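This one's a predicted model, so the numbers in the text were calculated from it and none came from an experiment. Throughout, protein chains are lettered first and strands after them, A, B, ... in sequence-line order, and every chain is numbered starting at 1.
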2 protein chains.
Amino acid sequence: MADLTEINYAQRERLAFIDFCLQFIGQLSRADLVNHFKTGLASCSRDLTLYKELAPNNMTLKHETKQYYRTAEFKPVYEHNAEAILASLCRGFGDGLSHTVRPSEKCIDSTRLIHPSSETIATLMRAINNRLAVSCDYISLTSGETSRIIVPHAIANNGQRWHVRAYDQKSKEFRDFVCTRLQNATELKKPISNTQSGNYDKEWHNILTIELVVHPSVSHPRAIEMDFGMDGGVLRLEVREALLGYLMRQWNVDCSHNATLTLGDCHLWLKNISELGKLACLTIAPGYKEG
Amino acid sequence: MADLTEINYAQRERLAFIDFCLQFIGQLSRADLVNHFKTGLASCSRDLTLYKELAPNNMTLKHETKQYYRTAEFKPVYEHNAEAILASLCRGFGDGLSHTVRPSEKCIDSTRLIHPSSETIATLMRAINNRLAVSCDYISLTSGETSRIIVPHAIANNGQRWHVRAYDQKSKEFRDFVCTRLQNATELKKPISNTQSGNYDKEWHNILTIELVVHPSVSHPRAIEMDFGMDGGVLRLEVREALLGYLMRQWNVDCSHNATLTLGDCHLWLKNISELGKLACLTIAPGYKEG
DNA sequence: CCACAAAGCAATCATTTTGATAGCATCATT
DNA sequence: AATGATGCTATCAAAATGATTGCTTTGTGG
């Protein structure tokens, strides 16, 4: 019997592709495999034969259409993670590096309107990995364009924008910068001072445990519980303090102390807000009032 | 000289990996390659040699650290799409099928709190591809649990949830259903009637051209223009009518006729709303009033 | 300052994987 | 019943890969 772990990289990819097509498309022809991997017919037959060995009851050939069909007894050979699958369907297969893409028109991801340049991302990621400072021009919403030197240690998406979390030499504190508002980012070769390293970013390293519950104003709470896979009506999450405000805004979580926000479409309430103390990050959160 | 298109699938993957590491991490060791692809040392040397042939000036070996470093003259061999790169950094490499994952802790995507089951997605996608109806139990926010037969034709993410767009035999119209609120989804084998096919979903096939502009209340509009890569202060988009409302809500676009919404953090205004006519989908959009 | 260890490199050969071809089987279509 | 399209298997040649060896470079520790 064939052992999954002993199969080489390329063939494993092809087997995974077969498995995927059966489960998420329902059928598969030899031509699909040949097209996708630019492989020969022979190796294609070999792959199908091997797949049949691994999972004899997963597919049957229908000669009417000359395609393999998923059977009702199908058991996936590979555990496909749901988010990864959806990404594959939306953006096509392949790892996004070599372009073996074939996006599905039937699976449409949310629209990202903000696309940082890959140059900027590359510079930031290299600086992060090599602990270097970056000089750049930054246009802020409040103060307009300024020249800055920042020491980045992570990048994060807040649901809309990609931010870089960095020590700002101008304000002498850790801040978020929107990646698309950076221009002329350049790595500075001299090593950074210790206090500017990510380890000293308190709000980043402070992990808060928050409790989200269905908002009392919702009339069929079960629907929301199912959305969030809630266990006993509560969703516990670990969140970096630096990112909490964004998360609350992204999910439109009522952050008032008594769930009094009545703005439409508010499905969640931050139940344990009173235990969290005063948090600057929450100033952008829906319904938040200090106290 | 080696020709990129003539290189086989497996080696192309490895070359892309080298290219990626140099550009987004800054360095790469032979061990990284071996680890990632579980390949032998020999083939690893071959890949590096070939990469040097393809791009002689992209990397240099530093013996101090025994790693290859990106040079200042680096020119990517593969065009990496920014979104794909960010996904690779956040979730690790590989196509999400075979798990060759190694996510970066320095690159954090926004938190998706709602994860549809891969079983449900699989059933829906198969039904879509094979034009089948699906029976299921659905829990709606307004009417609670009901049994339904729907004919799905696409799934889409609205920024928060995955929806399935489908003909609903109960209400006899096309609607959106939240994937996580579906239970016991089962394909029905009999073929669907023609009028229930996706082709007849008017709101889905009606493509609107919308014009988004920086909200007049923003004090440094250049920052927003850069975020959205605006051309002359306007961002023109083609959007399905069925998805327009979600898009407006996701990006918090002021949909009032005169940009009068003053709610904090509203960076965009839907400039041509007056030309779009009456749209039911906009009832959920910020600031929208009929008229 | 020299020996050593660690990593990279190049060459070689055995093994594995792949591609191409040919002949046969199956089944829908006509 | 003939035809054509596709799938299967077997075979052989070609290509890719893995393992081994001996060599080079360079940093490190004595």
Side-chain angles (χ1 to χ4, degrees), chain A residues 1-19 21-22 25-71 98 100, chain B residues 1-19 21-22 25-71 98 100:
Chain A
M1 186 64 193
D3 177 1
L4 251 189
T5 59
E6 302 236 319
I7 297 169
N8 76 59
Y9 183 87
Q11 192 166 28
R12 217 166 49 229
E13 294 273 306
R14 296 196 301 268
L15 290 175
F17 181 79
I18 296 172
D19 204 44
C21 288
L22 291 174
I25 299 171
Q27 67 274 108
L28 166 84
S29 74
R30 226 160 43 139
D32 293 336
L33 258 181
V34 173
N35 266 328
H36 187 74
F37 291 100
K38 306 289 172 230
T39 181
L41 274 177
S43 97
C44 174
S45 284
R46 276 188 286 259
D47 296 334
L48 287 166
T49 307
L50 178 56
Y51 187 81
K52 271 181 279 186
E53 258 184 61
L54 290 166
N57 302 318
N58 272 8
M59 62 180 185
T60 50
L61 178 60
K62 274 199 193 168
H63 282 278
E64 301 95 301
T65 56
K66 283 151 189 189
Q67 288 196 309
Y68 284 95
Y69 284 79
R70 175 187 186 274
T71 62
S98 46
T100 52
Chain B
M1 186 63 193
D3 177 2
L4 251 189
T5 61
E6 301 236 318
I7 297 169
N8 76 61
Y9 183 88
Q11 191 166 30
R12 216 167 50 231
E13 294 273 307
R14 296 196 300 268
L15 289 174
F17 181 79
I18 296 172
D19 204 44
C21 287
L22 291 174
I25 299 172
Q27 66 274 109
L28 165 83
S29 74
R30 227 161 43 140
D32 293 336
L33 259 181
V34 173
N35 266 327
H36 188 73
F37 291 100
K38 307 288 172 231
T39 181
L41 274 176
S43 97
C44 174
S45 283
R46 274 188 288 259
D47 296 334
L48 287 166
T49 307
L50 177 56
Y51 186 82
K52 270 180 280 186
E53 259 184 60
L54 290 166
N57 301 318
N58 273 6
M59 61 180 186
T60 50
L61 178 61
K62 274 199 193 168
H63 282 278
E64 300 96 301
T65 56
K66 284 154 188 183
Q67 288 195 309
Y68 284 96
Y69 284 80
R70 174 187 187 275
T71 63
S98 47
T100 52

Protein-nucleic acid N or O pairs under 3.5 Å, nucleotides 1-3 of chain D:
none

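Here the shortest heavy-atom pairing between A/I7 and A/R12 reads O-NH1, 3.1 Å.
The CG atom of B/L33 lies 5.0 Å from the CG atom of B/L28; values are rounded to the nearest 0.5 Å. We find the CG-CE distance between B/L48 and B/M59 to be 5.0 Å, quoted to the nearest 0.5 Å. The distance from atom CD of B/Q67 to atom CG of B/L61, rounded to the nearest 0.5 Å, is 9.5 Å. The CD1 atom of A/I18 sits 7.5 Å away from atom CG of A/L22, with the distance rounded to the nearest 0.5 Å. Rounding to the nearest 0.5 Å gives a distance of 12.0 Å between CD1 of B/I25 and OH of B/Y69.
Contact annotation: B/R30 does not reach the phosphate of C/dA7 (side-chain N/O to OP1 or OP2, under 4.0 Å). For C/dA7, the OP1/OP2 oxygens have no side-chain nitrogen or oxygen of B/S29 closer than 4.0 Å.
Within the structure, side-chain hydrogen bond (donor to acceptor under 3.5 Å, both in side chains) pairs that include any residue of residues 41-51 of chain B comprise B/Q11-B/D47, B/R14-B/D47, B/D19-B/Y51, B/R30-B/S45, B/T39-B/S43, B/Y51-B/N58 (at least two apart or interchain).
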Using a 4.0 Å cut-off on protein heavy atoms (strictly under), produce a 5'-to-3' string for nucleotides 14-27 of chain C with B for base contact, S for backbone-only sugar-phosphate contact, and - for none.
---SBBB-----SS
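Distance, B/L33 CG to D/dG18 C1': 15 Å, rounded to whole Å. Atom OH of A/Y51 and atom P of D/dG7 are 17 Å apart (whole Å). As a whole-Å value, the separation of B/Q27 CD from C/dA7 P is 16 Å. Computed from coordinates, the A/Q67 CD to C/dA28 P distance equals 14 Å when rounded to whole Å. Distance, B/L50 CG to D/dA15 P: 16 Å, rounded to whole Å.
Note on A/K62: nothing from the nucleic acid sits closer than 4.0 angstrom, heavy atoms only.
Applying the side-chain contact (heavy atoms from CB on, under 4.5 Å) rule to B/K66 yields no partners; only residues at least two apart in sequence or on another chain are considered.
Taking the six-membered ring where the residue is Trp, A/F17 and A/H36 present parallel rings, their angle staying beneath 30° rather than reaching 60°.
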